[in-house]
Amino acid sequence: MTIKRQKNRIFVFLIITFYKMSEYLNNFESISNSNKSAITEGLNPEQKSAVEIINGPILVLAGAGSGKTRVLTNRIAYLIENNINPSNILALTFTNKAANEMKERIARLVHYKLARNIWAGTFHSVFARILRLEASKIGYESNFSIYDQDDSTSVVKNLMKDANYGSAKLQPANVRGVISSCKNKMISWQEFERSATNSIERQIAEIFREYENTLVRNNAMDFDDLLLNFISLLGKSKDILKEYQDKFKYILVDEYQDTNKAQYIAIQMLAKAHQNICVVGDDAQSIYRWRGAEIQNILDFQKDYPYSKIVRLEQNYRSTKVILAAAHAVISNNSRQIPKKLWTDNPKGDLIEVLACSDDREEARKVAEIIQRMYNSGLNLKDFAILYRTNAQSLSLETSLRALNLPYIIVGGVSFYKRKEIKDVLAYIRILINPKDAESLLRIVNEPPRGLGQTSINHIKEFSKDYNKTLFDVFDNADKVVHLQNRSAQSAKAFASFIRKYSQMLKEMPPVDVISEYINATGILEMYRQINTEDSLDRWSNINQLLFDIKQYFTNNPDLSIEDYIQQISLVADIDEKDLNGNAITLMTLHSAKGLEYPNVFITGLEKGLFPLSRIDTTKEEEEEERRLFYVGITRSKERLFLSYALRRAKFGDVQTAVPSPFLREIPDELTKYWGKPTSGFIENSYQQKTTYPQKTFAKPQPKPAIKESYNQIPDTEQNYSQIQPVVNEYAVGDVVYHNSFGKGRIVALSGSGQARKATITFNSVGQKQLILHFAKLKKM
DNA sequence: TAAAAAATCGTTTTT
DNA sequence: CGATTTTTTA
């Protein structure tokens, strides 16, 4: 019986395979130009099996630097080579950048026309794309808005104001956090309400309920909804589920250790029918627990898929032996983990250098000076990364890099798209697309002032609630709203018809022709120009920059709609938009650094309380996550690793004292060397054994043999620093430059630094303008 | 209603 | 300290 069934199965399998082959030959033969041997060539045996076992569930435990990306891309290429239709492949990554890179690399292995058909992106962007198509099936319109964290917080804040909730204990941002973490764990407001034990929780439950209602009413989804609504779409009917199961016959998930419950369920539903699921991850690199990631997902994979195969990638191709040994020593202090040990054939490498500093300014100065010396000895600035635990730490580092004229880019911090004026303009555009989006409407209704202050808005909001009309409808019929001053009513009506006019235009004309005129007509640019302060002119030029950006977008993608543009920028992470290959040092948080690698890495701020970051009620789980984060940081480094701490650090204006991080103690002594003299106040017992300091002051580093001479050529004096050549990419007053839309111009002033560096330029065509160099893409002439 | 003055708060980490 | 939010005043 069993044998017979098995024979049948094999027979069916053969038929399907044969069918797929002929389908493949018919469709793709003509454009397939790849070379099969190239795909598995040069892979080690484990990598090879991770690429070649294409059917059935497979867990790839990929240690840091073990060639994970290569396995993922080659696996997809291999699937395509084996007659799998690219449009049946779903690859979910952590950032859009990772997805795009993957696609590019696949395009080099198989024909680009095949590569572009795979479904690759973040969970959020792929699901959003599908939800646009299927919106009507779950009670949404396809033009739904996507709310980011700020938008969500603002919704919560308004709801709390309406309900008169709120106290020191109950703040909008916290409530939003509670709601989001419930949604991450797939807990509905009803469940939350049922489990509420005190009045605070009952209040949150009420806000939660209203929050969900508001978003549906606004035809809007937050980030969590993109996952949850996708799941509910799949749950709608057997047919829909089957459709997507058959669509995504081959599923790959990167960074599986950082998936949350909703992502886990979504994958499980999709993979259930065909079971061709390959997840790649490393439990030691799970760093998003605070965002709902469940490390258990990767630990339980074998339970969830009993017939799964496991491949361990334990050979590290990235780092030196010293770095790997340090990483291993650190992570060994964690309790629960899948046992594995990374090894490498790479050389031993330099010792890890620990920089003891008396305060954060000294720390920043040392880091900058070391980089400058290494740069002058011939290294490339793009080969340096400075990592920190919190974004706030970038400030002193920036100052010292600027002082030495070293160009840098910052990933994260206040992103361009999070600036008030940019969010305002985007809200103006969103309301054209989705008139139900009350959040966007309220944001811009009195920006610039239109005589519609808080009182008028409250009346309008009340009316919309009482008569169950959308805010936009009420604006349109403002003369019917009682208590509303006639003047305000006229103003509201005028605003509604203004929006309607451009909304109509957008349906008839290409977006690029409408948007610029529309934003000009809103008066927001004129407002900032009139205020005429440094700050307001900044905002003015930021908006112009955005408009230029939009223009570029549609020049490059003439077939796309304004909806596509908004969706695209709603889901971009900072890391996605940054070009990290320029001649600049990269500054970012340890979280942003995940998945990246650099020859030279600095991890700064290794102080107790800062890294590991701790609060009064830090749990053991949180502590271990900090340690994993440190592990991630260490393993970013290919050759040289610098760890620094400061005994005093400026915080909120005043200065706080600190003690070196306990993490430093976890690295064996023989792997490190200390730099600089022991600073007064540096008294922790465990460090005193290590006090073999090379020089009395901030001494020269022990250079790598190859670059020894160049080190010695540059004496360690203040004077020499000022003689160093200005950095390339840097502009000077008087330079003649070319701008894509404004043409030729001359720089008359420069201000700011880093990505905020701005130039005032007099253009022949349009006169004087302020531009952010980072965005302006100027050419020097 | 809008501008000016005063007060408040914060720093994790991000799709 | 500095940006944002709330309160006061015209």
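Chain letters run A, B, ... following the sequence lines, proteins first, then strands; residues in each count from 1.
For A/F94 and B/dT15, the ring-to-base geometry does not satisfy the stacking test (centroid distance below 5.5 Å, interplanar angle below 30°).
The separation between A/Y288 atom OH and B/dT14 atom C1' is 6 Å, rounded to whole Å. Taking atom CG of residue A/D150 and atom P of nucleotide B/dT14, one finds them 13 Å apart after rounding to whole Å. Rounded to an integer number of Å, the gap from A/L606 CG to B/dT12 P is 18 Å. Spacing between atom CG of A/N174 and atom C1' of B/dG10 amounts to 12 Å, rounded to whole angstrom units. Rounding to whole angstrom units, NZ of residue A/K608 and P of B/dT12 are separated by 19 Å. Regarding A/K97, its NZ atom lies at a distance of 12 Å from the P atom of B/dT15, rounded to whole Å.
The shortest distance between the side-chain N/O atoms of A/N391 and the OP1/OP2 oxygens of B/dT14 is below 4.0 Å. Taking side-chain N and O atoms only, A/T589 has a distance below 4.0 Å to OP1 or OP2 of B/dT14.
Cation-pi contact between A/R132 and A/F144: present, with separation from the ring centre below 6.0 Å and deviation from the ring axis of at most 45°. Taking the centre and axis of the six-membered ring of A/F475, the NZ or CZ atom of A/K493 falls outside the cone set by 45° and 6.0 Å.
Of the N and O atoms on the side chains of A/D222 and A/Y211, at least one donor lies less than 3.5 Å from an acceptor on the other residue. A/S644 and A/E363 are linked by a side-chain donor-acceptor pair at a separation below 3.5 angstrom, with hydrogens and angles left out of the test. In this model, a donor atom of one side chain and an acceptor atom of the other lie less than 3.5 Å apart for A/D437 and A/Y147.
Comparing A/R291 and A/K651 along DNA chain B, the residue whose closest nucleotide (by nearest heavy atom) sits nearer the 5' end is A/K651.
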Seminar exercise, completed: Note, DNA chain B 5' to 3' with Watson-Crick or G-U pairs under 3.5 Å encoded as ( ), [ ], | and . gives ||||||||||.....
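Exactly one of A/K594, A/R291, A/R289 qualifies for a salt bridge (Lys or Arg N to Asp or Glu O under 4.0 Å) with A/D258. That residue is A/K594.
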Can you pull every protein N or O that's under 3.5 Å from an N or O on nucleotides 1-7 of chain B?
from	atom 1	to	atom 2	distance (Å)
B/dT1	OP1	A/S456	OG	2.4
B/dT1	OP2	A/T455	OG1	2.3
B/dA2	OP1	A/G451	N	3.2
B/dA2	OP2	A/N446	ND2	3.1

